[in-house]
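See below for the structure under consideration.
Counting starts at 1 for both ligands and their atoms, in listed order.
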Amino acid sequence: MFLVTFLSSCGKAPEPLYQEQILALGALIDITIWGVAPDAAQQAADQIAEDFNHIHTTWHAWKPSPLTRLNAHLNDTVAYTPEAELLPLLAQAKQLSLNSGNLFNPAIGKLVAAWGFQGDEPKGPPPDAKTVAALVAAQPSMEQVHLAGNSVQSSNPAVQLDLGAIGQGYAVDVAIAHLRKLGIHNAIVNASGDIRVIGKRGTRPWRIGIRDPRGPGIIASIELQGDESIVTSGTYERYFDYQGKRYHHIIDPRSGYPARGTVSVTVVHNNATTADAASTALLVAGPAQWQRVARAMGIKQVMLIDEQEIVHIDPLLAKRIHFETKTQPRMKISAPL
Ligand code: AMP
Ligand code: MG
């Protein structure tokens, strides 16, 4: 997630471009629509704002929501039937989690909570080592989340669901589906850096900037068109500093501690939910394992920036990305994914 900017190219003639920014999911959502009358575009944007707010309240991990109710009932002896709208995303999350070898693991809600990231302002202190070790030893995973018909049940009491790693990507996919239903075929939805584009900006592709994980500004830009998503996970998105150390919000389920070695991962894929799960999983996988995990998840375009500021990138994405920094970063181009 987080701040991938939309770059407007400076066309001279006025064009039928509608842009609106809304606050939803606790974040800024940019909606850009091309080629539709302003009234219709505005109505569409309003409906999408409602979609985002609805998804936000449905999947909230710590304020009372259908998800917190499900979490409270996960270990009931009789399987619980949650709000029906939770089911498709839970099934999708389970599959993505299994594909990622549990590195994207939405069953680690207890760990995320122990680190204070289920709260509006995470500030530490970090949990003690014993607490972390116990939560890791309990091995919560989506394998133990059984989905049968309309009911959900976990065979491991350590499982608590936190869909924070795919919530925004999912909302972007829902928004794009909604736009299409309204007959809109050229648009961008950008939820703080989780982006999906459809169609074009007139005769040109859409041009997107990718945030520089080291500070303000962008590190690179890319042209997207047709139906593509670009999603970035970064350690700079949510963190707290405690006694001189920084702790970020992407937890390695194997250690129970914030993932090390990587500062951001950008994934290009047709579907934003999958790209969002993958960006989180690959950040956990790190410089040594990202290629294997990307292949297992069916992801073909990845850029990973490690703590040494080395850009690890696959050849397909390397070919289409333009670095916008003064000097070209150090790059390691992988084998094709
Ligand atoms: P993202 O920014 O998309 O990488 O998502 C990060 C959010 O997902 C965190 O704020 C947590 O709520 C949750 N989370 C943290 N670590 C993981 C993980 N390994 N797998 C799944 N969700 C995670
Ligand atoms: Mg993610």
Side-chain angles (χ1 to χ4, degrees), residues 1-4 25-27 56 59-63 65 67-68 71 89-90 92-122 127 132 135-136 139-142 145 159-173 191-196 211 213 229-240 247-260 262-269 271-286 289-290 293-294 297 299 302 304:
M1 321 195 264
F2 288 91
L3 199 76
V4 176
L25 281 176
H56 184 51
W59 292 96
H60 211 292
W62 63 90
K63 291 186 183 147
S65 69
L67 180 66
T68 60
N71 273 332
L89 185 59
L90 285 178
Q92 206 179 337
K94 178 169 178 173
Q95 190 57 54
L96 289 165
S97 184
L98 300 183
N99 294 351
S100 77
N102 291 329
L103 298 189
F104 159 66
N105 185 352
I108 61 165
K110 284 192 179 188
L111 263 173
V112 176
W115 280 96
F117 290 115
Q118 287 186 353
D120 293 329
E121 274 173 50
V132 173
L135 291 172
V136 172
Q139 299 192 326
S141 101
M142 291 305 284
V145 176
V159 168
Q160 287 283 278
L161 299 167
D162 178 327
L163 281 288
I166 54 171
Q168 289 208 343
Y170 172 67
V172 167
D173 284 338
S192 308
D194 287 6
I195 297 174
R196 182 158 167 182
R211 175 175 160 163
S229 295
I230 182 163
V231 173
T232 300
S233 276
T235 58
Y236 50 80
E237 287 165 15
R238 284 193 101 206
Y239 57 81
F240 61 84
Y247 300 90
H248 69 82
H249 68 140
I250 300 170
I251 309 296
D252 185 335
R254 300 165 298 188
S255 67
Y257 284 80
R260 299 176 68 171
T262 305
V263 291
S264 74
V265 174
T266 300
V267 170
V268 176
H269 189 74
N271 166 290
T273 310
T274 304
D276 206 359
S279 65
T280 305
L282 299 183
L283 199 139
V284 174
Q289 293 170 336
W290 68 271
V293 178
M297 297 187 80
I299 300 293
V302 178
L304 177 150

Q) Between Phe104 and ligand 1, which part of the residue brings a heavy atom under 4.0 Å of the ligand: side chain, backbone, both or neither? A) both

**Q.** N, O or S of Ala275 under 2.8 Å from the Mg ion (ligand 2)
**A.** no

(Q) Can you name the atoms of ligand 1, numbered from 1 with element, that are less than 4.0 Å from a heavy atom of Asp276? (A) 3 (O)

Q) Can you tell which part of Ala259 has a heavy atom less than 4.0 Å from ligand 1: side chain, backbone, both or neither? A) neither

Q | Pair Tyr247 and Tyr257, ring centroids less than 6.0 Å apart | A | no

Q) Under 3.5 Å, N or O to N or O, is Asp252 touching ligand 1 that way? A) no

Q. Ignoring hydrogens and geometry, is there a side-chain-to-backbone donor-acceptor pair from Ser97 to Phe104 under 3.5 Å?
A. yes

Q. Counting heavy atoms only, which of Leu282, Leu111, Thr280 comes nearest to atom 4 (O) of ligand 1?
A. Thr280

Q. Which ligand 1 atoms are under 4.0 Å away from a heavy-atom of Gly164?
A. 5 (O), 7 (C), 8 (O)

**Q.** Numbered atoms of ligand 1 (with element) below 4.0 Å of Ser233, judged on heavy atoms
**A.** 1 (P), 2 (O), 3 (O), 4 (O)

**Q.** Val112 and ligand 1 - part of the residue with a heavy-atom distance under 4.0 Å
**A.** side chain

Q: Check each atom of ligand 1 against the heavy atoms of Ile250 and keep those under 4.0 Å away; list them by number with element.
A: 4 (O), 15 (C), 16 (N)

(Q) So for Leu163, does at least one of its heavy atoms come nearer than 4.0 angstrom to any atom of ligand 1? (A) no

Q | Asn105 side-chain N/O to Pro140 backbone N/O, donor-acceptor pair under 3.5 Å | A | yes

**Q.** Non-hydrogen atom of Glu237 closer than 4.0 Å to ligand 1
**A.** yes

Q) Which is it for Ile166 and Thr280 under the side-chain contact (heavy atoms from CB on, under 4.5 Å) test, yes or no, and what are the steps along the way? A) CA-CA 9 Å; Ile166 54 171; Thr280 305; over 6 Å; no

Q. Hey, which atoms in ligand 1 end up nearer than 4.0 Å to a heavy atom of Asp162?
A. 12 (O)

Q.
With a cutoff of 4.0 Å, is Pro253 in contact with ligand 1, counting heavy atoms of the residue only?
A. yes

Q) Backbone or side chain, does any N or O of Phe117 fall under 3.5 Å from an N or O of ligand 1? A) no

Q. Which option, Asn105, Ile251, Asn102, Leu283, owns the non-hydrogen atom nearest atom 19 (N) of ligand 1?
A. Ile251

Q | Carboxylate-amine/guanidinium contact Asp276 Arg196, below 4.0 Å | A | no

Q: Report, as yes or no, whether the 6.0 Å neighbourhood of atom CZ on Arg254 holds more than 12 heavy atoms from other residues, nucleotides or ligands.
A: yes

Q) So, for Lys94 and Val145, which heavy atoms are closest and what is the spacing to 0.1 Å? A) NZ-O, 2.7 Å

(Q) For a distance under 2.8 Å, tell me if Asp276 has an N/O/S atom near the Mg ion (ligand 2). (A) yes

Q. At their closest point, which heavy atom of Thr262 faces which heavy atom of Gly286, and how far apart are they?
A. OG1-CA, 3.4 Å

(Q) When you compare ligand 1 with His249, is there at least one nitrogen or oxygen pair between them that comes in under 3.5 angstrom? (A) yes

Q) Who's closest to atom 22 (N) of ligand 1 heavy-atom-wise, of Ala165, Ala93, Ser264, Ala107? A) Ala165

Q: Please indicate whether any nitrogen or oxygen in Ile108 is less than 3.5 Å from any nitrogen or oxygen in ligand 1.
A: no

Q.
Suppose I only count heavy atoms of Leu103 and a 4.0 Å limit; which atoms of ligand 1 are within that range?
A. 18 (C), 19 (N), 20 (N)

Q) Shortest non-hydrogen contact from Leu163 to Leu90? A) CD2-CD2, 4.3 Å

Q | Residue of the set Ile251, Val293, Asp252 for which side chain to side chain contact (heavy atoms under 4.5 Å, CB included) holds with Val284 | A | Asp252

Q | Nearest heavy-atom neighbours spanning Gly234 and Ile250 | A | O-CD1, 4.2 Å

Q: Identify the two heavy atoms, one from Asn71 and one from Gln160, that lie closest to each other, and give their separation to 0.1 Å.
A: O-NE2, 3.0 Å

Q. Has the side chain of His248 got a donor or acceptor atom that lies under 3.5 Å from a matching backbone atom of Ala259?
A. yes

Q) Any N/O/S atom of Thr280 sitting less than 2.8 Å from the Mg ion (ligand 2), backbone or side chain? A) yes

